[in-house]
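What follows is a single structure, written as structure tokens, with notes after it.
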Amino acid sequence: MLEQREEIAKALALSLKGKLKQSQVLELLESPPSPEMGDIAFPCFKLAPLFKKSPAEIAKELSQSVKLPAPVEKAEPAGPYLNFFLQRESIAKQTISLILKEKEKYGKGGRGKKIMVEYSGPNTNKPLHLGHLRNDSIGMAVSNLLEATGNKVIKANIANDRGIHVCKSMLAYKLFGKNSSPEKAKQKPDHFVGSYYVLYNKKAGENPELEKQAYELLKLWEKKDRRVIALWKKMNGWILQGFKQTYRRFGSRFDVWFFESKFYDKAGPLIEQGKKKGIFSKNKDGALLARLEKYGLPDKTVLRADGSRIYITNDLALTKHKFEHFRLDQAIWVVASEQNLYFKQLFKILELLGFKWAGNCRHLSYGMVFLPSGKLKSREGRVVDADAIMDEVQKLAESEIRKREGGINKKELQRRASAISLGAIKFYMLKTAAQKDLHFKPKESISFEGETGPYIQYTYARAKNILRKAKEVSLQKLLFNQLKTSEEKRLINLLSQFPSIVQKASDALSPHILCQFLIETAEAFNTFYHKHPVIQAENIELKKGRLALVQATAHVLKNGLQLLNIEAIERM
RNA sequence: GGACCCGUAGCCUAGUGGAUAAGGCACCUGCCUUCUAAGCAGGGGAUCGAGGGUUCGAAUCCCUUCGGGUCCGCCA
């Protein structure tokens with residue numbers, strides 16, 4: 001579609017006798033609201049003052065004067081717009097042949113940058129929860145989109161494995177754990193550790209002494225007390241083992257893991273540098289503050305009064321390490337919107353420290369996930385656990401499959417239900433623009449009907465089903481002159497847009513753009529499916545043309561789903 | 001007190017300067033002896049939170065205001 005736009009822009013610029021340059025015309029070109037109105041539209045509003053005529057008159061005159069380039073069949077004025085109709089056959093041939101040739105590569109390409117996407121970022125005191133499902137869905141989809149547009153992507157996870165939150169779980173285990181273990185308790189190891197975090201908060205409510213004890217534990221940890229370190233290693237080992245199971249199941253993958261504990265004391269030189277430059281100075285209580293007020297941001301503590309480190313101390317050192325060790329062009333943090341200010345402060349401090357890559361830091365902020373009862377709060381146990389959600393939706397998917405296919409064997413049932421349930425969860429997390437808050441209602445939010453992951457998966461399975469049943473037909477020497485219904489034209493138009501949609505979603509770091517496109521494409525396919533028989537088409541040429549269209553649609557749906565980290569399955 | 005985000009039909013969303021505001025859920029009517037009904041076709045339902053401004057043209061940009069959310073020095 002791109003070349004056609006350029007050809008049209010060239011022809012229009014010629015007719016306009018230099019009033020607008022080709023590049024200016026190209027920018028004005030848009031798509032009409034519905035396919036019956038044409039393929040490419042030129043709005044004439046901007047020309048009205050130049051020609052001192054109404055936009056409608058200009059459109060009419062242009063329709064007669066413009067010399068149509070080869071792929072354009074006709075140009076029709078429609079009020080203030082001039083609409084171009086492309087030759088159906090050449091578009092169909094071009095689009096479908098390209099997809100059948102490129103297959104899983106269709107929509108991908110280009111050359112780009114080296115980008116690190118940091119996402120998930122669990123705390124090692126409690127299991128992954130609903131918020132991580134949104135975070136991971138976005139992190140994976142954005143990574144895939146960036147990769148598809150030619151970037152070298154490094155997916156990173158940061159385990160927040162030190163700090164007071166970790167000491168709280170440790171304290172509860174020390175006091176009440178009686179040397180138990182996940183094996184003895186027959187619990188998934190991260191849930192086992194998390195149960196002590198909940199226990200701590202319950203007991204601390206009754207006995208305020210516990211908080212002091214937790215801070216004492218933190219001090220001992222910072223002094224590298226042998227017994228505390230041993231306990232810390234044991235509990236972190238358990239919880240990471242549990243995280244890895246959950247990540248494997250959900251499909252979250254990481255190329256590199258960072259641990260806060262390995263960076264939190266590496267910031268010494270940066271602290272000194274900041275003091276020298278006058279960016280950091282002590283306040284009257286003795287804490288070291290980054291002075292940011294003159295830049296319109298609140299000051300930020302970088303060292304506690306007792307000299308111990310906090311999270312940003314670690315992040316300063318880690319970010320420097322990221323850019324220098326991995327030679328990044330860009331770093332992206334996928335983190336919820338409650339930390340918007342934190343990242344502004346972090347990036348400003350790095351800029352003030354004089355790192356020229358500070359401008360290549362980007363916070364991909366996404367809205368909070370709320371339960372009907374309010375904000376997720378794991379310390380009160382009021383949280384929707386990630387494993388529990390997956391189990392719940394898995395069960396729903398299994399029962400839907402059983403309704404349709406009673407005799408299915410158990411292994412196959414579980415495999416399909418896994419793909420469908422994860423497709424439902426991920427698509428739900430991705431189809432809304434990231435900055436919007438999400439109000440998660442367990443029963444209503446995850447559905448298999450309407451604008452959902454399973455709807456796209458179902459459409460793909462339908463397409464594959466046709467192809468399976470018609471497998472004896474060769475897709476060589478295709479003729480496209482028979483694909484002339486409006487349903488076929490609409491579908492082909494959509495398929496041709498896929499590469500530019502991928503590029504747009506990647507540029508904007510917005511997977512929801514791709515979700516919306518897949519919904520539209522699936523709708524277009526299903527409409528076509530109901531209206532036009534493929535295998536029973538009136539003649540062999542039409543059948544071959546339609547089979548090619550079905551095959552091309554299947555490729556686009558599969559490629560799109562995979563970018564969203566959702567499995568395309570052959571049967572539902 | 002300050003900063004940022006959100007507000008589109010009963011509910012969830014897309015559209016962020018251009019043609020009649022586009023879908024899904026829920027509700028109503030049809031369609032399974034024809035490629036999978038997790039589907040399709042059709043129907044009702046919106047003064048795009050409110051008020052002002054800019055523009056030939058505003059859901060979209062600017063100002064004011066209301067409602068919801070988040071954050072604001074030693075949590076992560």
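Convention: sequence-line order gives letters A, B, ...; per-chain numbering from 1. This one's a predicted model, so the numbers in the text were calculated from it and none came from an experiment.
- B:rC11 and B:rU54: their P atoms are spaced 34 Å apart (whole Å).
- Within the 4.0 angstrom heavy-atom criterion, only backbone atoms of the sugar-phosphate kind lie near A:Y455; the bases stay farther away.
- At a threshold of 4.0 angstrom between heavy atoms, the contacts of A:I420 include nucleobase atoms, whether or not backbone atoms are also involved.
- Residues A:E272 and A:K275 are paired through a salt bridge, judged by an N-O separation under 4.0 Å between the basic side chain and the carboxylate.
- Within the 4.0 angstrom heavy-atom criterion, base atoms lie near A:A461.
- Contact annotation for A:I401: base contact, defined as any heavy-atom pair under 4.0 Å involving a base atom.
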Taking only nitrogen or oxygen atoms into account, show me every contact under 3.5 Å that the protein makes with nucleotides 5-12 of chain B, one pair per line with its distance.
from, atom 1, to, atom 2, distance (Å)
B:rG7, OP1, A:K436, NZ, 3.2

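- Checking the phosphate oxygens (OP1, OP2) of B:rA76, no side-chain nitrogen or oxygen of A:Y311 falls inside 4.0 Å.
- Taking 90° from 0 as the syn/anti boundary, the base of B:rC32 is oriented syn.
- Residues satisfying the side chain to side chain contact (heavy atoms under 4.5 Å, CB included) criterion with A:A524, sequence neighbours excluded, are A:R490, A:L491, A:L494.
- Nucleic acid contact for A:E520: none, since no nucleic acid atom lies under 4.0 Å from a heavy atom of the residue.
- At a threshold of 4.0 angstrom between heavy atoms, the contacts of A:A41 include nucleobase atoms, whether or not backbone atoms are also involved.
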Quiz item: If you write RNA chain B from 5' to 3' in dot-bracket form, with Watson-Crick or G-U pairs under 3.5 Å, [ ] for crossing pairs and | for pairs with another strand, what do you get?
Solution: (((((((..((((....[...)))).(((((.......))))).....(((((..]....))))))))))))....
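- Counting non-hydrogen atoms under 4.0 angstrom, A:P43 reaches nothing in the nucleic acid.
- A:R571 comes within 4.0 angstrom of a nucleotide base, judged by non-hydrogen atoms across all strands.
- Across all strands, A:K543 comes closer than 4.0 Å to no nucleic acid atom at all (heavy-atom distances).
- Between A:Y311 and A:Y342, the ring planes are tilted. Angles from 30° to 60° get that label.
- More than 12 heavy atoms of other residues, nucleotides or ligands shown are found within 6.0 angstrom of NZ on A:K544.
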May I have the list of side-chain donor-acceptor pairs in residues 532-541 of chain A shorter than 3.5 Å, sequence neighbours left out?
from, atom 1, to, atom 2, distance (Å)
A:H532, NE2, A:T485, OG1, 3.4
A:H532, NE2, A:E487, OE1, 2.9
A:N539, OD1, A:E541, N, 3.0
A:N539, OD1, A:L542, N, 2.7
A:N539, ND2, A:Q482, OE1, 3.3

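- Put simply, the side chain of A:S365 does not reach to within 4.5 Å of the side chain of A:E338, judged on heavy atoms.
- Taking the syn range as angles within 90° of 0, the glycosidic angle of B:rG15 is outside it, so the base is anti.
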Run the side-chain donor-acceptor check on residues 516-523 of chain A: report pairs under 3.5 Å with partners two or more places apart or on a different chain.
from, atom 1, to, atom 2, distance (Å)
A:Q516, NE2, A:K431, O, 3.2
A:T521, OG1, A:F517, O, 2.9

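- Among the heavy atoms of the strands, none lies under 4.0 Å from A:H363.
- The side chain of A:A433 lies closest to B:rA14 when the candidates are B:rA14, B:rA19, B:rC40.
- At the heavy-atom level, A:E260 lies under 4.0 Å from the strands shown only through sugar-phosphate atoms.
- Heavy atoms of A:P49 sit nowhere under 4.0 angstrom from any nucleic acid atom.
- Contact between the side-chain N/O atoms of A:H512 and the OP1/OP2 oxygens of B:rG15 is found at a separation under 4.0 Å.
- Residues passing the ring pair (Phe, Tyr, Trp, His ring centres under 6.0 Å) test with A:F243, sequence neighbours excluded: none.
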